[in-house]
Amino acid sequence: MSAIRDPEESFSRHVLDSLALLPTMEKHLDVSHARLVDVGCGPGLPGLVLAVAKPEWKFTMMDAQAKRIAFVQESAHKLQLNNIQAVQARAESFGREEEHREAYDAAVARAVADTRVLAELCLPLVRVGGYVFAAKGVEPHDEIQNARGAVELLGGHVHDVAEVDSQCEQGARTVVVIGKIQTTPEKYPRREGIPNKRPL
């Protein structure tokens with residue numbers, strides 16, 4: 001499920017990158033038994049790694065591709081994780097379902113999309129008072145500036161852009177922290193494919 005074949009590089013790139021999000025997440029989440037959703041989880045990153053590190057947190061792993069969800073389910077079984085639920089779904093549809101809309105303490109996303117798109121896919125899933133944690137590369141400030149209007153429209157506020165303890169060739173990676181300060185308007189997220197084609 002990954003293009004990286006070298007075990008050491010894979011461990012550093014994926015596992016350590018995922019764990020590097022934890023200090024920032026723990027700083028902001030004020031509930032001991034948090035409910036989180038990993039949006040566009042792919043082969044389970046960062047959610048699977050975080051689920052191992054934080055067994056008291058409950059994770060819904062969501063991805064549109066069945067083979068990725070099957071991999072996550074198999075991995076969770078092999079790791080004997082009972083705090084993982086894997087769901088095949090498009091984020092646009094998932095965010096409109098009553099069971100999931102504004103039901104999570106936090107959403108996390110890694111290598112998924114531009115922040116404007118992430119805001120539309122993630123904020124509808126997060127309760128007021130919760131957070132979106134978006135893993136980004138070096139210096140995402142121009143991207144964040146361009147996304148502020150979309151974030152505010154969807155009920156959020158860019159709370160922080162924090163460096164994390166993970167390096168790439170360009171320097172320290174970052175995590176964008178978006179706080180949910182008011183309810184997302186009912187018309188968001190828009191129908192499947194539109195957030196990517198026409199970002200807010």
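Side-chain atoms are counted along with the backbone in the values below, which use heavy atoms only and exclude waters and symmetry mates.
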When you look at Arg190 and Glu92, which way does the salt bridge (charged side-chain N to carboxylate O under 4.0 Å, His left out) test go after all the steps? CA-CA 6 Å; Arg190 291 168 293 170; Glu92 298 95 329; over 6 Å; no

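- No continuous path of hydrophobic side-chain contacts links Val87 to Leu45 [ILVMFWY only; heavy atoms under 4.5 Å].
- Separating the CD atom in Gln65 from the CZ atom in Phe71 is a distance of 13.5 Å, to the nearest 0.5 Å.
- In this view, Arg191 and Ile194 satisfy the side chain to side chain contact (heavy atoms under 4.5 Å, CB included) rule, not counting sequence neighbours.
- In this structure, CD on Gln182 lies 12.0 Å from NE2 on His157, to the nearest 0.5 angstrom.
- Nearest heavy-atom pair across Gly156 and Ile178 is CA-CG2, 4.3 Å.
- Considering only heavy atoms from C-beta on, Leu50 comes within 4.5 Å of Met25 through its side chain.
- Residues Pro23 and Asp165 are not in side-chain contact: their nearest non-hydrogen atoms beyond the backbone lie 4.5 Å or more apart.
- Taking every heavy atom of both residues into account, Ala135 and Leu21 meet most closely at CB-CD2, 3.9 Å.
- Side-chain atoms of Ile144 and Val161, non-hydrogen and from C-beta on, do get closer than 4.5 Å to each other.
- Between Thr60 and Leu36 the shortest side-chain heavy-atom distance does not fall below 4.5 Å.
- For the atom pair CZ of Arg116 and CG of Asn196, the computed distance is 10.5 Å after rounding to the nearest 0.5 Å.
- Under the 4.5 Å side-chain heavy-atom criterion for grouping Ile, Leu, Val, Met, Phe, Trp and Tyr, Val39 is not connected to Leu29 through any hydrophobic cluster.
- In this pair, His100 and Tyr104 present their aromatic rings parallel. The plane angle is below 30°, not in the 30 to 60° band.
- Atoms CZ and CD, on Phe94 and Glu192 in that order, are 13.0 Å from each other to the nearest 0.5 Å.
- In this structure the side chain of Thr184 never reaches within 4.5 angstrom of the side chain of Leu125, judged on heavy atoms.
- Closest non-hydrogen pair, Pro43 versus Leu48, comes out as O-CD1, 3.7 Å.
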inquiry  = Let's go through Glu56 and Ser32 carefully: what are the C-alpha distance in whole Å and the side-chain angles of both, what is the deciding distance for side chain to side chain donor-acceptor pair (under 3.5 Å) to 0.1 Å, and is it a yes or a no?
reply    = CA-CA 7 Å; Glu56 69 274 24; Ser32 58; over 6 Å; no

Check the pair Lys54 / Glu26 against side chain to side chain contact (heavy atoms under 4.5 Å, CB included), numbers first and verdict last. CA-CA 10 Å; Lys54 299 292 290 186; Glu26 291 176 324; 3.0 Å; yes

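- With Thr174 contributing its side chain and Gly137 its backbone, the two residues share a donor-acceptor pair below 3.5 Å.
- When hydrophobic clusters are built by joining Ile, Leu, Val, Met, Phe, Trp and Tyr residues whose side-chain heavy atoms come closer than 4.5 Å, directly or via intermediates, Val158 is not grouped with Val117.
- Remark: the backbone N or O of Lys58 is not paired with any side-chain donor or acceptor of Asn83 at under 3.5 angstrom.
- A donor-acceptor pair under 3.5 Å is absent between the side-chain atoms of Asp160 and the main chain of Val177, judged by distance alone.
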Trace of the side chain to side chain contact (heavy atoms under 4.5 Å, CB included) decision for Arg148 with Leu153 = CA-CA 9 Å; Arg148 288 186 185 275; Leu153 176 66; over 6 Å; no

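- The distance from atom CD1 of Ile69 to atom CD of Gln85, rounded to the nearest 0.5 Å, is 10.0 Å.
- For the pair Val72/Arg68, no side-chain contact is recorded, criterion being any heavy-atom separation below 4.5 Å from C-beta on.
- At a threshold of 4.0 Å, the pair Glu102-Lys180 counts as salt-bridged, since one of the basic side-chain nitrogens sits closer than that to a carboxylate oxygen.
- Taking all atoms of both residues into account, the shortest heavy-atom contact from Pro46 to Arg110 is CD-CB, 3.8 Å.
- The closest side-chain heavy-atom distance from Tyr131 to Leu123 is not below 4.5 Å.
- Between Glu97 and Arg101, no side-chain nitrogen of the basic residue sits less than 4.0 Å from a carboxylate oxygen of the acidic one, so the salt-bridge criterion is not met.
- There is a path of hydrophobic side-chain contacts, each under 4.5 Å, that joins Val15 to Ile84.
- By the criterion of side-chain heavy atoms lying less than 4.5 angstrom apart, applied directly or through intervening Ile, Leu, Val, Met, Phe, Trp or Tyr residues, Phe59 is grouped together with Phe133 in one hydrophobic cluster.
- At a cut-off of 3.5 Å, with distance as the only test, a side-chain donor of Thr115 or Glu143 sits close to an acceptor on the other residue.
- Between Pro55 and Val52 the shortest heavy-atom distance is CD-O, 3.8 Å.
- Looking at Asp63, its side chain does come within 3.5 Å of a backbone N or O of Gly42 through a donor-acceptor pair.
- Taken to the nearest 0.5 Å, the CG atom of Leu22 stands 14.5 Å off from the NZ atom of Lys27.
- With sequence neighbours excluded, the residues satisfying side chain to side chain contact (heavy atoms under 4.5 Å, CB included) with Ala20 are Val164, Ser166.
- At most 12 non-hydrogen atoms from other residues, nucleotides or ligands lie less than 6.0 angstrom from NE2 of His77.
- For the residue pair Gly47 and Asp38, the shortest heavy atom distance occurs at N-OD2, 2.8 Å.
- Listed for the Glu120 side chain is no donor-acceptor partner under 3.5 Å among the backbone atoms of Pro189.
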